[in-house]
Amino acid sequence: MRMIETLKQLVVFGCLLLLIHQANAADKPNILFIAIDDLRPELVCYGSETAITPHLNGLAADGLLFNRAYCQQAICRPSRASLMTGTRPETTGLFHNYVSLRELQPDILTLPQHLIAHGYDTAYVGKIFHHGDTDEERSWSRPAAKWLGQDIKKPSGPYRLPENVKLRSENFKEMFAKYGEAARRGLASGPPFERADVPDHAYIDGYNTLLAIKTMKQMADDKKLFFLGMGYHLPHLNWCAPAKYWDLYDPENIPPATDGTAPTDGAAMGLHASFELRTRSNIPKHGAIEADLARTLKHAYLASTSYVDAQIGLLLKALDEAGLRENTVVIVWGDHGWHLGDMDVCGKATNYEIATRVPLMIRTPDMKARGEKTDALVELVDIFPTLCELAKVPSPKHLEGHSFAPLLDDPNRSWKKAAFSQYPNPALREWAANPLSQGMRETWFGPLIEDVEQRIIDKQGEVWDRELFEKHLMGYTMRTNRYRLVAWRDHRDPKSKPLFVELFDHTVDPNESKNITGANPDVVKQLMKQMNAGWKAAIVSRTR
């Protein structure tokens with residue numbers, strides 16, 4: 001009898017634990033975590049008069065849009081590693097795309113890993129971490145759906161048109177013959193864009209959206225809290241999108257870049273030679289990109305953005321149809337911006353506003369500031385602590401960001417004094433931010449490298465040192481409400497006197513067209529002191 005009573009008590013206790021778990025789960029939201037690669041704020045909700053992005057506009061109208069959100073480094077792997085660990089590049093040690101997060105930080109805690117420990121099921125489709133950092137064993141508790149059936153095949157490679165597939169294959173074959181595996185590091189590619197009359201799922205982002213929808217339904221059926229990451233590859237090069245998205249735009253109505261010249265009196269090392277674009281077929285390897293081609297490139301970028309917008313629309317519709325809208329946080333972020341002819345550059349990989357500013361929007365079930373915008377300075381490194389707060393789980397002590405959850409109810413409250421980013425000398429780095437290889441110097445990149453190197457020598461004079469400028473020069477940048485400061489320093493001694501300083505006043509120069517350091521020594525001194533104080537000093541107390 002005593003054993004029976006004991007068993008009854010254990011059953012009752014187990015039921016109580018289950019009820020407590022279910023109550024806690026009901027009190028916490030699911031999280032739909034949407035990443036978009038290389039997306040600058042070229043959206044209608046950000047003021048674009050050209051882009052066609054109805055679904056992102058709709059999400060912004062039902063959530064909170066951040067006008068001034070910034071990445072920590074304007075290149076894929078370091079940016080994503082920073083966001084997913086809640087730490088900055090100086091902590092992760094990641095400054096380029098060709099070293100893995102776990103190689104440098106084997107024990108660092110990631111956002112989905114932390115959520116697993118607090119009862120969440122986690123899965124992803126597409127690009128959340130950078131390729132090679134997917135962290136399958138630690139960050140994801142379940143696999144995503146792997147296939148869609150016999151009638152929908154997973155796309156292979158970026159192109160659908162046979163002539164483009166052939167051209168890419170020939171280019172890689174030639175470079176592999178010369179440089180082996182090094183050819184994968186940006187020495188060969190196919191065309192920068194493609195317009196094909198195919199269904200959305202013929203390209204990888206459309207296919208992955210269907211996988212994400214299937215995964216979401218599976219997770220919902222299991223009735224567990226979930227964190228689902230959906231990572232879009234576009235509008236990263238190559239800009240390959242179905243024809244119907246190209247047809248949304250009249251090429252004659254696509255405006256050129258707002259400012260196609262380098263900043264007056266700017267840093268000679270502040271800009272690169274558009275390496276990432278020039279590695280593509282049919283792009284001039286040296287000299288200017290003529291106007292018609294530049295317009296077509298922008299057309300391709302816009303078509304790719306509209307294509308991704310449509311996929312996000314399908315994902316959000318599926319969320320609603322599954323009855324999950326009222327208990328799901330939806331957050332959309334870009335990993336960095338993108339120069340599209342701005343400053344006469346195509347690509348990411350600078351320390352300027354156009355590369356460091358990103359789109360960011362969030363919708364939560366119970367937010368008060370619905371359909372509003374905020375000018376508060378926020379950073380991608382803030383997403384980890386924010387989602388912890390919204391999910392009602394404790395924030396790990398290692399985080400170097402600051403939850404922006406209070407802005408969801410009060411978007412105009414006093415907030416951070418500054419946002420911080422950094423980038424190693426983009427002029428003398430490969431387009432993935434890794435140091436220049438011999439292959440880069442021997443190919444058509446060679447004359448471009450010689451040009452930018454001479455530009456730096458001419459401007460820096462006696463300060464020039466190839467070892468320093470190629471391997472150790474880091475641009476540290478700080479964005480305040482009014483100014484952008486860029487300090488170019490020896491990374492081995494970040495507190496050392498800068499080799500060059502840039503200052504831009506956004507009240508009169510939002511395009512950062514003129515470095516005004518020389519005329520404003522007191523402002524530079526004040527901002528340099530603020531930069532040296534670091535990110536912790538920029539946080540404004542939440543009680544204010």
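Values below: all heavy atoms of this structure, side chains included; hydrogens, waters and symmetry mates excluded. Just so you know, these numbers come straight off a predicted model, no measurement behind them.
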Atom of [X], atom of [Y] and distance for their closest heavy-atom approach:
| X | Y | value |
| --- | --- | --- |
| Ala243 | Arg195 | CB-CZ, 3.6 Å |
| Pro426 | Gly270 | CG-O, 3.6 Å |
| Arg370 | Asp62 | NH1-O, 2.9 Å |
| Val358 | Gly337 | CG1-N, 4.0 Å |
| Pro359 | Leu39 | CD-O, 3.0 Å |
| Ile362 | Phe404 | CD1-CE1, 4.4 Å |

How long is the span from the [atom1] atom in [X] to the [atom2] atom in [Y], to the nearest 0.5 Å?
| X | Y | atom1 | atom2 | answer |
| --- | --- | --- | --- | --- |
| Asn515 | Thr264 | CG | OG1 | 9.0 Å |
| Leu277 | Trp338 | CG | CH2 | 5.5 Å |
| Leu468 | Leu428 | CG | CG | 10.5 Å |
| Leu297 | Leu293 | CG | CG | 4.5 Å |
| Asp205 | Tyr232 | CG | OH | 7.0 Å |
| Leu448 | Glu453 | CG | CD | 12.5 Å |

(message) Parallel, tilted or perpendicular, judged at 30° and 60°: which one describes the rings of Tyr476 and His491?
(response)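 Rings of Tyr476 and His491: parallel, under 30°.
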
Regarding [X] and [Y], does a basic nitrogen lie under 4.0 Å from an acidic carboxylate oxygen?
| X | Y | answer |
| --- | --- | --- |
| Asp382 | Lys416 | yes |
| Arg40 | Glu42 | yes |
| Asp509 | Lys514 | no |

Side-chain H-bond candidate by donor/acceptor type, [X] with [Y], under 3.5 Å:
| X | Y | result |
| --- | --- | --- |
| Tyr245 | Thr305 | no |
| Ser437 | Glu430 | yes |
| Glu502 | Trp488 | yes |
| Gln454 | Asp458 | yes |
| Asn351 | Arg484 | no |
| Asn511 | Ser513 | no |

Main-chain N/O of [Y] paired with [X] side-chain donor or acceptor, under 3.5 Å:
| X | Y | result |
| --- | --- | --- |
| His272 | Asn425 | no |
| Arg295 | Pro251 | yes |
| Arg280 | Ser189 | no |
| Asp335 | Asp37 | no |
| Asp133 | Phe129 | no |
| Gln72 | Val381 | yes |
| Ser306 | Ile52 | yes |
| Asn412 | Thr374 | no |
| Arg363 | Gly63 | no |
| Lys373 | Cys45 | yes |

(request) Would you list the pairs meeting side chain to side chain donor-acceptor pair (under 3.5 Å) in which at least one residue belongs to residues 155-172, sequence neighbours left out? (result)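 For residues 155-172: Tyr159-Asn238, Asn164-Glu194, Asn171-Ser281.
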
Would you give me the side-chain donor-acceptor pairs under 3.5 Å for residues 311-319, sequence neighbours excluded?
residue : atom : partner : partner atom : Å
Gln311  : NE2  : Asp200  : OD2          : 2.9
Gln311  : NE2  : Tyr307  : O            : 3.2

(request) Taking the side chain as every heavy atom from C-beta outward, state whether Leu407 and Phe66 have any atom pair closer than 4.5 Å. (result) yes

(message) Just so I know, are the side chains of Leu340 and Asp342 near enough to count as touching, which here means a heavy-atom distance under 4.5 Å?
(response)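 Yes, their side chains come closer than 4.5 Å.
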
(message) Run the side-chain hydrogen bond (donor to acceptor under 3.5 Å, both in side chains) test on Gln73 and His96 for me, step by step, so that the C-alpha distance in whole Å, both residues' side-chain angles and the decisive distance to 0.1 Å come before the verdict.
(response) CA-CA 9 Å; Gln73 188 174 322; His96 63 76; over 6 Å; no

Above 12 or not: heavy atoms from other molecules or residues under 6.0 Å from [atom1] of [X]?
| X | atom1 | result |
| --- | --- | --- |
| Lys471 | NZ | no |
| Glu49 | CD | no |
| Asp465 | CG | yes |
| Glu442 | CD | yes |

(message) The test is side chain to side chain contact (heavy atoms under 4.5 Å, CB included); show your working for Met84 and Phe33 and say whether it passes.
(response) CA-CA 11 Å; Met84 296 298 287; Phe33 187 77; 3.8 Å; yes

(message) Test side chain to side chain contact (heavy atoms under 4.5 Å, CB included) on Val523 and Arg482; report intermediate values, then the result.
(response) CA-CA 11 Å; Val523 174; Arg482 179 172 179 175; over 6 Å; no

(message) Tyr70 and side chain to side chain donor-acceptor pair (under 3.5 Å): which single residue from Arg479, Glu379, His336, Arg357 fits?
(response)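 The side chain to side chain donor-acceptor pair (under 3.5 Å) with Tyr70 is passed solely by Arg479 among Arg479, Glu379, His336, Arg357.
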
(request) Go through Ser100 and His130 one step at a time and tell me if the side chain to side chain contact (heavy atoms under 4.5 Å, CB included) criterion holds. (result) CA-CA 9 Å; Ser100 72; His130 188 67; over 6 Å; no

(message) Test side chain to side chain contact (heavy atoms under 4.5 Å, CB included) on Thr279 and Leu237; report intermediate values, then the result.
(response) CA-CA 11 Å; Thr279 196; Leu237 284 166; over 6 Å; no

(request) Taking side-chain contact (heavy atoms from CB on, under 4.5 Å) as the test, write out the residues that go with Pro256, two or more places apart. (result) none

